[in-house]
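Comments concern the structure below.
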There are 2 protein chains.
Amino acid sequence: MEVSAHLGPLRQRFPDGVFPAGCPSRVLLDHITSKWGVLIIISLADGPHRWSELRRRAQGVSEKMLAQTLKTLERDGLVHRSPQPVIPPRVDYSLTDRGQELAALLVSLVGWAAEHADEILTQTP
Amino acid sequence: MEVSAHLGPLRQRFPDGVFPAGCPSRVLLDHITSKWGVLIIISLADGPHRWSELRRRAQGVSEKMLAQTLKTLERDGLVHRSPQPVIPPRVDYSLTDRGQELAALLVSLVGWAAEHADEILTQTP
DNA sequence: CAGAATCCATGAGGATACTG
DNA sequence: CAGTATCCTCATGGATTCTG
């Protein structure tokens with residue numbers, strides 16, 4: 001597969017291959033490639049889940065980071081938050097349409113990482 | 001587009017949708033989704049480039065982070081380093097085959113981010 | 001030119017406790 | 001259950017200087 005063939009959309013935005021520092025894409029990119037952002041989005045890829053389920057799925061995430069990341073993703077219009085007025089409280093999180101688009105890309109990426117993780121010498125000196 | 005349809009490869013590795021903390025995929029994922037990792041890889045997507053070109057393309061990267069990220073990507077077998085025995089020194093960086101695979105995925109991701117960055121309210125409170 | 005080495009600030013992020 | 005509030009630590013990562 002020749003990568004250059006897929007560069008089209010990127011070339012339109014960055015004709016010279018330079019990616020500017022202040023660029024808005026950078027901000028969004030930082031959100032969606034953040035450590036927990038990726039895991040939360042793909043955790044939601046198979047349907048809505050509640051807070052406690054997300055904590056279990058994205059193993060190792062702290063309450064603080066889960067809350068923070070969900071807020072960011074919600075502000076970015078990628079995740080939808082729907083609180084149920086019941087006791088005990090119940091809140092479901094789901095992907096928006098835009099979030100689903102993104103999830104498809106991230107699922108490919110994480111899938112690729114999962115497939116190749118073993119082949120790679122990940123000593124961390 | 002229905003995301004669940006693409007979950008196959010991921011389901012094989014993580015049948016219950018739980019992504020374990022110690023998992024090797026996590027490490028690799030952190031490398032390739034790191035702030036500068038992404039930019040460097042897509043900067044190399046259109047062919048080999050040298051150190052100084054990469055510094056220009058991935059605007060805002062410090063020398064320290066460029067060196068560090070390149071080393072990590074090289075250890076992961078994604079980037080190839082070829083020093084030329086000339087004076088002044090010249091070093092070219094390129095993607096390995098595996099790196100090209102990954103680049104294709106990241107190009108899609110960054111392209112998506114670039115397309116949608118404007119629609120998103122990125123106040124950062 | 002392509003880095004390595006050093007120092008240092010900031011903030012990401014974890015642990016804990018508390019609440020509606 | 002689904003968060004919020006605080007404190008505190010450690011490591012990310014920037015600026016600077018030096019070198020083959």
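Note that the structure is predicted; figures quoted are calculated from it, not measured. Quick note: numbers below take in every heavy atom, side chains included, and nothing from hydrogens, waters or symmetry partners. Below, read A as the first sequence line, B as the second, and so on, with proteins coming before strands; counting in each chain starts at 1.
- Inter-residue side-chain proximity for B:Leu73 and B:Tyr93 is flagged as unmet; no heavy-atom pair is nearer than 4.5 Å.
- In this structure, OG1 on A:Thr69 lies 11.0 Å from NZ on A:Lys35, to the nearest 0.5 angstrom.
- Atoms NE2 (B:His49) and P (C:dC1) sit 17 Å apart, rounded to a whole Å.
- Look at CD on B:Gln68: it is 7 Å from P on D:dG13, rounded to the nearest Å.
- The residue from A:Arg50, A:His80, A:Gln84, A:Arg81 that alone fulfils the side chain to side chain donor-acceptor pair (under 3.5 Å) condition with A:Asp92 is A:Gln84.
- Relative to the side chain of B:Arg81, the nucleotides C:dG3, D:dG20, D:dG14 differ in distance, and C:dG3 lies closest.
- Residue B:Arg50 has its side chain nearest to C:dC1 when only D:dG3, D:dC1, C:dC1 are considered.
- In the interface, the side chain of A:Glu63 is not paired with the base of D:dA2 through any donor and acceptor atom under 3.5 Å apart.
- To the nearest angstrom, P of D:dG13 lies 11 Å from CG of B:Asp30.
- To the nearest angstrom, P of C:dA9 lies 14 Å from NZ of B:Lys64.
- Distance CZ (B:Arg90) to P (C:dG3): 12 Å, rounded to an integer number of Å.
- The nearest heavy atom of DNA chain C to A:Val61 and to A:Pro89 marks one nucleotide each, and the one closer to the 5' end goes with A:Val61.
- In this structure, A:Gln84 atom CD and D:dC1 atom P are separated by 15 Å, rounded to whole Å.
- To the nearest 0.5 Å, atoms CG (A:Leu78) and CG (A:Leu106) are separated by 9.5 Å.
- Between the CG atom in A:Leu28 and the OG1 atom in A:Thr72 there is a gap of 11.0 Å [rounded to 0.5 Å].
- In this model, the phosphate group of D:dA2 is approached by a side-chain N or O of A:Ser52 to a distance below 4.0 Å at OP1 or OP2.
- Regarding contacts with the backbone of D:dA2, every side-chain N or O of A:Lys71 stays at 4.0 angstrom or more from both OP1 and OP2.
- Remark: P of D:dG3 and CD1 of A:Ile40 are 12 Å apart, rounded to the nearest angstrom.
- Computed from coordinates, the A:Met65 CE to C:dT16 P distance equals 18 Å when rounded to whole Å.
- If A:Ala67 and A:Pro88 are placed on DNA chain D by their nearest nucleotide, the residue sitting closer to the 5' end is A:Pro88.
- Between C:dG3 and B:Arg55, no contact under 4.0 Å exists linking OP1 or OP2 to a side-chain N or O.
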